[in-house]
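Numbers here are sequence positions counted from 1. Counting starts at 1 for both ligands and their atoms, following the listed order.
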Amino acid sequence: MAGFQLKTGQWWCDAVALETLANEYGTPLYVYSRARLEENYHLLQTAFKALKPHIHFSVKSNANGAILRVLRELGSGFDVVSAGEAYRALRAGADAGSLVFAGVGKTESELIFALDNHLGWINVESVQELELLNRLANERSVKPQVALRINPQIEADTHHHMATGGHRSKFGIDVDDARSVLLQASQYLNLDIAGLHVHIGSQLANTGETVAALQRVLELAALHPIRNLDIGGGFPVPYRPDDELPEPAVFAEAVQQVLTAQAQRSFEIAIEPGRTLIADAGALLATVQYTKVREGRRVIVCDASMTELLRPALYDAYHHIVPVKDSQPSALPADIVGPVCETGDTLGVDRELAEVVRGDRLLIMSTGAYGMSMASNYNSRPRPAEVLVEDRFQRLIRRRETWDDLVRLEE
Ligand SMILES: Cc1ncc(COP(=O)(O)O)c(C=O)c1O
């Protein structure tokens, strides 16, 4: 497969040596492989081919315009959760009709933006939002396509911050409320309520919960003519070398079986993958600043931190970390940490990591999703640059922020 590979004693992104990129652009640096992104897209299309789904890339996972343009060229639509994300997708040339706008707290001005720009679907997450949208649509004499995002009350077996379908989750409309809405759908004169949406979380470990959620949603589809079934994203990716997780094809097969049991009805299917497409097409490069030994373990302080990659601090997430250039194994385990003044600023704990010294480069893998899109300026750290590798060439797709950028919006 294309992407990040160890060849001749060092790591490459396709035909470009990562050490060369680190020297040219500095670190921390996000690097993406266009070829791997394209491969991931085609693999997902193949896995789901029997369902012929509309693919809406989840912009929250990676919002860089160059990445969105590659996906648009592949034929992808976009799942957005704010008007800002919709703005980015439109700016990247997306057709407004290919956008799906979800989000539990869309403001009135965001809904107006969605209506004025004729976004494809608005996924509504509460009865109050539905009423507001109906009024706004009436004022503008438009009739948008609306999907109800259902909270199926199915708790996914994933990190609790990534579960979105359980009893205590803030997302979606409860099944009972959705039932009443669908039975009175004609009352919402300015809304074409024709879709159902469900997304129970990310990094889903088994298909059983997806099937259960879908069954609950399909019971609702019997109450009102539904054209579109958006089954969300969340297909898992192996972050650890030994992770064994169901492939997208296994999800596709399970969904297909549930739908076959509903043979009398046919729906257009939509999916909203984020990490499946971009996680392993991206990696973060860092440089070792200092090393010390404390109580039998190495502390490796590098120049990347929770401000470039929040997932370890936010979700206890694992990202595999290797030296960019092969070196000798070390007898001591390593904690790889950043310079931010927070104890939680760790990128990897208790790792087997080969010997590294000050100046060596580290590769933090599978960080293309929810890496740069969650980056912050905490500790007044300028956000990193991003580079896209296209075969033998690389392109700077976002320059590194400067100290001037940090204060640009202040008095
Ligand atoms: C509504 C919705 N759709 C899709 C996704 C994408 O999830 P993933 O990147 O795990 O595929 C998310 C992620 O949070 C989401 O909230």
Close approach, Tyr370 and ligand 1, non-hydrogen under 4.0 angstrom |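 Yes; Tyr370 lies near enough to ligand 1 that a heavy-atom distance drops under 4.0 Å.
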In plain terms, say whether Arg34 and Glu38 are close enough for a salt bridge, that is, a side-chain N and a carboxylate O under 4.0 Å apart.
->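 Salt bridge: yes.
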Backbone or side chain, does any N or O of His197 fall under 3.5 Å from an N or O of ligand 1?
->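 Between His197 and ligand 1, no N or O pair is found under 3.5 Å apart.
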So, does Glu125 use its side chain to make a donor-acceptor pair with the main chain of Gly172 at under 3.5 Å?
->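 Checking the backbone N and O of Gly172 against the side chain of Glu125, a donor-acceptor pair under 3.5 Å is found.
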Gly274 N/O to ligand 1 N/O under 3.5 Å |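 Yes; at least one N/O pair falls below 3.5 Å.
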Arg149: numbered ligand 1 atoms lying under 4.0 Å from its heavy atoms |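 Under 4.0 Å from Arg149, ligand 1 has these atoms: 1 (C).
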Taking 4.0 angstrom as the limit, do Lys106 and Glu129 come out as a salt bridge?
->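 Yes, charged N to carboxylate O under 4.0 Å.
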Mind checking whether Gly232 has an N or O less than 3.5 Å away from an N or O of ligand 1?
->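 N/O-N/O distance below 3.5 Å does not exist for this pair.
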Contact atoms of ligand 1, heavy-atom distance to Asp79 under 4.0 Å =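 Under 4.0 Å from Asp79, ligand 1 has these atoms: 2 (C), 3 (N), 4 (C).
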Nearest-neighbour protein heavy atom for atom 16 (O) of ligand 1, which is reported as residue plus atom name and distance =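 Ranking protein heavy atoms by distance from atom 16 (O) of ligand 1, first comes Lys60 NZ, 3.1 Å.
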Does Arg311 make a cation-pi contact with Tyr239 (under 6.0 Å, within 45 degrees of the axis)?
->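 Pair Arg311/Tyr239 counts as cation-pi.
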Would you say Ser61 has any N or O atom under 3.5 Å from an N or O of ligand 1, going by distance alone?
->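 In fact, backbone or side chain, Ser61 has no N or O that close.
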Taking atom 4 (C) of ligand 1 as the reference point, the nearest protein heavy atom with its distance |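 For atom 4 (C) of ligand 1, the nearest protein heavy atom is Glu272 O, 3.2 Å.
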Where is the tightest heavy-atom contact between Ala369 and Ile278, given as atom of each residue plus distance?
->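 For Ala369 and Ile278, the tightest heavy-atom pair comes out as CB-CG2, 3.7 Å.
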Could you tell me how the ring of Phe235 sits relative to the ring of Phe48: parallel (under 30°), tilted (30 to 60°) or perpendicular (over 60°)?
->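 Tilted, since the angle between the ring planes falls between 30° and 60°.
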For Glu247, does the CD atom sit with more than 12 other heavy atoms under 6.0 Å from it, leaving out its own atoms?
->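 Atom CD in Glu247 is not packed in, count stays at 12 or less.
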Short list, please: which atoms of ligand 1 are under 4.0 Å from a heavy atom of Gly234?
->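 Ligand 1 atoms under the 4.0 Å threshold to Gly234: 7 (O), 8 (P), 10 (O), 11 (O).
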Salt bridge (charged side-chain N to carboxylate O under 4.0 Å, His left out) partner of Asp405, the single match among Arg398, Arg399, Arg400 |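 Option passing the salt bridge (charged side-chain N to carboxylate O under 4.0 Å, His left out) with Asp405: Arg399.
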Using non-hydrogen atoms of the residue, decide whether Ala102 is closer than 4.0 angstrom to ligand 1.
->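 It does not, in that no heavy atom of Ala102 comes within the 4.0 Å cut-off of ligand 1.
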Which is closest to atom 7 (O) of ligand 1 in terms of heavy atoms, Gly172, Pro248, Ser202, Ala279?
->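 Checking each option, the heavy atom nearest atom 7 (O) of ligand 1 is found in Ser202.
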